[in-house]
Structure formats: structure tokens, C-alpha cells
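I have placed the structure first, in the form of C-alpha cells, so that the comments after it can refer back to it.
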Amino acid sequence: MEHGPRKPPTLMLEATACCARGGCRWPWVFCLSLVLASLPTMATGEEITPALQGSWGDFWLFRFFVNAAGYASIVVPGFLLIQYFKRRNYLETGRGICFPVIKSCVFGSEVKSVHQEDGSLPPRAEPTESSTTRQVFKLLFCAAGLQASYLTWGVLQERVMTRTYGATETDPGEKFKDSQFLVFMNRILAFTVAGLYCALTKQPRHGAPMYKYSFASLSNILSSWCQYEALKYISFPTQVLAKASKVIPVMMMGKLVSRKSYEYWEYLTAALISVGVSMFLLSSAPNRHMSTVTTFSGIVLLAGYIIFDSFTSNWQDALFTYKMSPVQMMFGVNVFSCLFTVGSLLEQGALLESLRFMARHSEFTAHAVLLSVCSACGQLFIFYTINQFGAAVFTIIMTLRQAFAILLSCLIYGHTVTVVGGLGIAVVFMALFLRVYARSRMKKRSKKIPPGETPVQKV
């Protein structure tokens, strides 16, 4: 007889026991448990897999609300403290040893810089006397750094989330399930790298209130968590294509909410992307595998990733109105990311459990550390590439990276892609390259248009 760790009672049993003890004083608990108990079946449209039947703690929606409660336990007291200091007019009346810290966190210097043309980064320095050979070498260095960092990151991400550790002939091994711990590992190393970079290099004087980084940090944590969790329900190639098609909901929200206007070629490329993604998803339907089945849960998690990631970029864009460097932004966001994730992990008791998993499986430890190193180095390569060659070159390199990531995933983990699916992938990346080309042509044309002429009409 095997003696494993005792599994926690399910939510249904807890609610039933609660009603039996208290005369059902809280009928909403029982009703809520009934609704939640039916969600996995409704979400997938299939029978619940054994992994989900094992414990409600493994279901993504339950984990999401538990994590959110952990973040709220930090955000709510922080919000109340900020409101307290503002109502007391602490900036005028405060004194003492804590005054500089509180001023930096709550008020900042409130000095904003002129918003840069690209919305986030200072204008890159154009090379004047630099040789062509040196520029080519720099470009190859940036491309190789980005490809190596994010291709390795993608392969490891799929390995950690979809494969078991410690498998033997008699033991099937165990999977690592806590996506939040992986997010914490990534953020703690990125925080360290950004902090060392800011300490060793000259940076602009910081002016933004520190608490404003918490908004981008929270959405960044949730987007990363959704990205990891989605791999439990969908294949990695599907996730990459979904991320590539992020432009579609962004354009829809821009049209409906912000009343933005777009060029005709933007609608064309968005339509091509949607056609390509549909071709890939529909062609993959007959050959689904239980471990990588595209479910409703996977779609919801991908939608969550896209929504949270879009908010992160927009909030960071607003923060760049303060005079700061991208590495300062990286440092500020990751400070709060570490605070939120470690607080939530400690409250759930998941930090010690994850560390015990690392102690049991040295291979996982190596993968988690390398995953964090690739993430931190990749962010630095992003900043350097955009500063040296601009956003268009960076977009081309990262689009190629997505194509290589799908190819690597299929080769290493055995994902099958049909001919129609391959054509769908080709259509998506053709549309992405067309967007880059059209955008660069439009920028060049807008610079040449005389002041009296009307630019191309948008719809």
C-alpha cells in the first residue's frame, strides 16, 4: 500500500460539511460549489481529465482567484496607505527618517518629460561614422541574442509545463503545477539584473511615484501566469499563433473604445492573420491529443494573456511620460512583481512546496534557473536592439523568432502540423511582415509629405 501526501478535501465536500454543521447558514457556499464543480466540464466540453479530477487546487480558475486574493492582500493596504498620506498632505507636513522613502513611493518628483515620438523609448542615436561592417556585426549580435534567449525560453517553458520530472520505469514522475513560482523566478532575476545595471551605469533622475509601477506589474504577472497555464490546455504552436494575432483585438478595442482610425492595409493584414490562425486551428482539430487539446479553458487563458499584456504595454507607455530609461522601468515593474508573487506564494504555502520540488528534481532546478536567465537577458537585448536599430528591425527579428519557435516545438515535442496548418502559419507570418513593411513605408512617406497636402485617408 502506497502512502502519499494526503490530498485536501474537495470544495464540494467542504461546502456540504459546512451546511451540515451550521444548518446551511451559508447556502451561497453550497450553490457556489455546485457552479464551480460544473465549470471544468463546461469549459472543455469533454470529460474532466484525471489531472483535474485529482484536486480542485489544480483547476486554473480556482488558482487564479487564490492568486488574486493574495495580490489583493498587498494591494488593498497599500492603496489605503497611499490615500492616507495624500489626505494628510504628507508632502508638506511630513518629516523624519521615513520622509524620503514615502515621498519617492507615493509622490515622486512629479516632473514629466516630453512624450517621445515612439511612445516609450528615447530617440536612438543614428550612427554617423560607424562602418557598415560594425553595424552588421551589431545587428547579428542583437539577432543572435534575441533568438538564443527567447527560443531557449520557449523550449524550456513547454518542457516545464507539459512534461514530468523524476520518471522511472516504476514511477511515472510528477509535473510541476505552480505557474506563479515560475513567474517569481523570472521576476527576481530580472529585478537583480536591472538593479545592477542601474547601479553601475548612469541613469536619468527618477521622477515617477513608485506605486504607479504596481499597475503594470500586476497585469504583467497575470499575463505571464495565463501564458504558463495555457500550455496545460493548448499546444505551444497554437499559443505562439494566438500571440501573433494579438493585433486583431487591439484594433477592435481601438476602434470601439478610443475611436481610432486605421489604414486600409491594417485591416487587410488583420484579416489575413485571422484567416491564417483559423486555417491552423481547424486543420489541427482531427488530430488532437489529450495533453495539448485546445479547450475553452485554453482560449480563455490566452484571452486573459492578451488583455493583461495589452494593459501592461499601454500603462508603461503612460509611465514613460516621466523621464526614465527602459531599464529603470524594468527595475520598477519587477520590484512590485517580486513583492506580489512572493507574498502570494507565502500566504498559500506554495513557496516552500516549490522549493521542495526543486530539491527533489535537480533537472527542474536547472530548467527554472535557465528560464529566468533567458527571460532577463532577452529583456536587455530588446532594449539594446530597439535603441540601436529601431522598432521595425526588432519586430522583424521577433517575428522570425516566433516562426522558429513553432518549428523547434514541432521537432522537439512531436507536434504534428498538416499541410493546411502549415499554410495557415505561412499566411500569418506573411501578414506580419507585410505590416512591418507597410508601416515603414508610411513613416517614410509621411516625412516627405509637404505641409499643405493631405495624408492618406484612414477609416
Side-chain angles (χ1 to χ4, degrees), residues 5 51 57-58 60 63-64 66-67 70-71 145-168 171-196 217 220-233 236 239-240 291-292 301 305 330 333-382 401 405 408-409 412-413:
D58 297 334
W60 69 268
R63 300 304 310 167
F64 178 85
V66 171
N67 292 345
Y71 305 145
L146 287 169
Q147 299 292 349
S149 298
Y150 284 106
L151 287 178
T152 305
W153 180 80
V155 170
L156 288 174
Q157 183 189 38
E158 186 170 9
R159 167 67 181 89
V160 169
M161 297 306 300
T162 63
R163 299 296 190 270
T164 59
Y165 288 93
T168 61
D171 186 3
E174 56 180 334
K175 285 185 178 181
F176 184 75
K177 300 176 181 179
D178 197 339
S179 302
Q180 185 175 213
F181 180 77
L182 295 176
V183 177
F184 167 70
M185 287 283 292
N186 291 347
R187 298 304 178 264
I188 192 68
L189 187 60
F191 160 72
T192 304
V193 170
L196 289 174
S217 172
N220 181 252
I221 292 171
L222 292 173
S223 68
S224 298
W225 184 87
C226 289
Q227 185 179 9
Y228 280 116
E229 285 290 311
L231 285 176
K232 297 178 181 179
Y233 301 93
F236 184 77
Q239 186 188 80
V240 172
S291 60
T292 58
L301 286 165
Y305 162 77
M330 178 179 171
V333 170
N334 284 299
V335 165
F336 284 96
S337 297
C338 293
L339 176 64
F340 290 143
T341 51
V342 75
S344 180
L345 287 168
L346 287 173
E347 290 173 7
Q348 300 173 38
L351 182 60
L352 293 178
E353 179 59 35
S354 298
L355 292 175
R356 282 194 287 265
F357 189 94
M358 294 180 74
R360 290 195 301 269
H361 305 289
S362 58
E363 185 184 9
F364 169 76
T365 303
H367 289 166
V369 171
L370 187 55
L371 197 69
S372 303
V373 171
C374 291
S375 177
C377 292
Q379 290 186 54
L380 294 178
F381 272 111
I382 288 175
R401 191 270 303 180
L408 270 180
S409 179
I412 296 176
Y413 299 109

>> Quick check: closest heavy atoms across S217 and F336, and the distance to 0.1 Å?
In response: OG-C, 3.2 Å
> Does a side-chain heavy-atom distance below 4.5 Å link E353 with Q348?
Replying inline: no
> How long is the span from the CZ atom in F176 to the OH atom in Y228, to the nearest 0.5 Å?
Replying inline: 10.0 Å
> Of all heavy-atom pairs between Y150 and G378, which one has the smallest distance, and what is that distance?
Replying inline: OH-C, 3.2 Å
> After noting the C-alpha distance and the side-chain angles of S179 and R63, does the key distance pass the side chain to side chain donor-acceptor pair (under 3.5 Å) rule?
Replying inline: CA-CA 10 Å; S179 302; R63 300 304 310 167; over 6 Å; no
> Does the side-chain contact (heavy atoms from CB on, under 4.5 Å) test come out yes or no for S354 and M185, once each step is laid out?
Replying inline: CA-CA 11 Å; S354 298; M185 287 283 292; over 6 Å; no
> Does Q180 have any side chain to side chain donor-acceptor pair (under 3.5 Å) partners at least two apart in sequence or in another chain, and if so, which?
Replying inline: N67, Y71, S344
> Any sub-3.5 Å donor-acceptor pair from T168's side-chain atoms to D171's backbone N or O?
Replying inline: yes
>> Quick one, W60 and K232 - any side-chain contact, counting heavy atoms below 4.5 Å?
In response: no
> Would you say the side chain of F184 lies within less than 4.5 Å of the side chain of S337, judging by non-hydrogen atoms?
Replying inline: no
>> Counting C-beta onward and ignoring hydrogens, is there a side-chain heavy-atom pair between W225 and F64 closer than 4.5 Å?
In response: yes
Distance-only donor-acceptor pairs under 3.5 Å for side chains of residues 363-371, two or more places apart:
{"unit_1": "T365", "atom_1": "OG1", "unit_2": "M358", "atom_2": "O", "d": "2.9"}
{"unit_1": "T365", "atom_1": "OG1", "unit_2": "H361", "atom_2": "O", "d": "3.3"}
{"unit_1": "H367", "atom_1": "ND1", "unit_2": "Y165", "atom_2": "OH", "d": "2.9"}

> Is T152 reaching over with its side chain to a backbone N or O of S149, donor-acceptor style, under 3.5 angstrom?
Replying inline: no
> Taking atom OG1 of T341 and atom CG of L351, what is their separation to the nearest 0.5 Å?
Replying inline: 9.0 Å
> What heavy-atom pair brings V342 and L339 nearest, and what distance separates the two atoms?
Replying inline: CG1-O, 3.6 Å
>> Going by the rule side chain to side chain donor-acceptor pair (under 3.5 Å), which residues pair with S372 if we only count those two or more places apart in sequence or in a different chain?
In response: N186
> Atom CD of Q379 and atom CG of L146: how far apart are they, to the nearest 0.5 Å?
Replying inline: 11.5 Å
> Who pairs with S375 by side chain to side chain donor-acceptor pair (under 3.5 Å), at least two apart in sequence or on another chain?
Replying inline: none
>> Could you measure the distance from the CD1 atom of I188 to the CG atom of N334? Nearest 0.5 Å is fine.
In response: 9.0 Å
> Do R163 and Y413 have side-chain heavy atoms sitting under 4.5 Å apart?
Replying inline: yes
> Do you know which two heavy atoms are closest between A376 and M330, and how far apart they sit?
Replying inline: O-CE, 4.2 Å
> Looking at side-chain heavy atoms only, is the closest gap between F191 and V333 below 4.5 Å?
Replying inline: no
> What do the steps show when you test V335 against R187 for side-chain contact (heavy atoms from CB on, under 4.5 Å), and what is the final call?
Replying inline: CA-CA 8 Å; V335 165; R187 298 304 178 264; over 6 Å; no
> Looking at residues at least two apart in the chain, or sitting in another chain, which of them share a side chain to side chain donor-acceptor pair (under 3.5 Å) with S409?
Replying inline: E158, H415
> For Q227 and Q239, which heavy atoms make the closest approach, and how far apart are they?
Replying inline: O-NE2, 2.7 Å
> Which pairs count as salt bridge (charged side-chain N to carboxylate O under 4.0 Å, His left out) when at least one residue sits in residues 365-374, sequence neighbours excluded?
Replying inline: none
>> Could you tell me if the side chain of M161 sits less than 4.5 Å from the side chain of K175, heavy atoms only?
In response: no
> Do L345 and D178 have side-chain heavy atoms sitting under 4.5 Å apart?
Replying inline: yes
> Considering all heavy atoms of both residues, which atom of P172 and which atom of T164 are nearest to each other, and what is their separation?
Replying inline: O-OG1, 3.5 Å
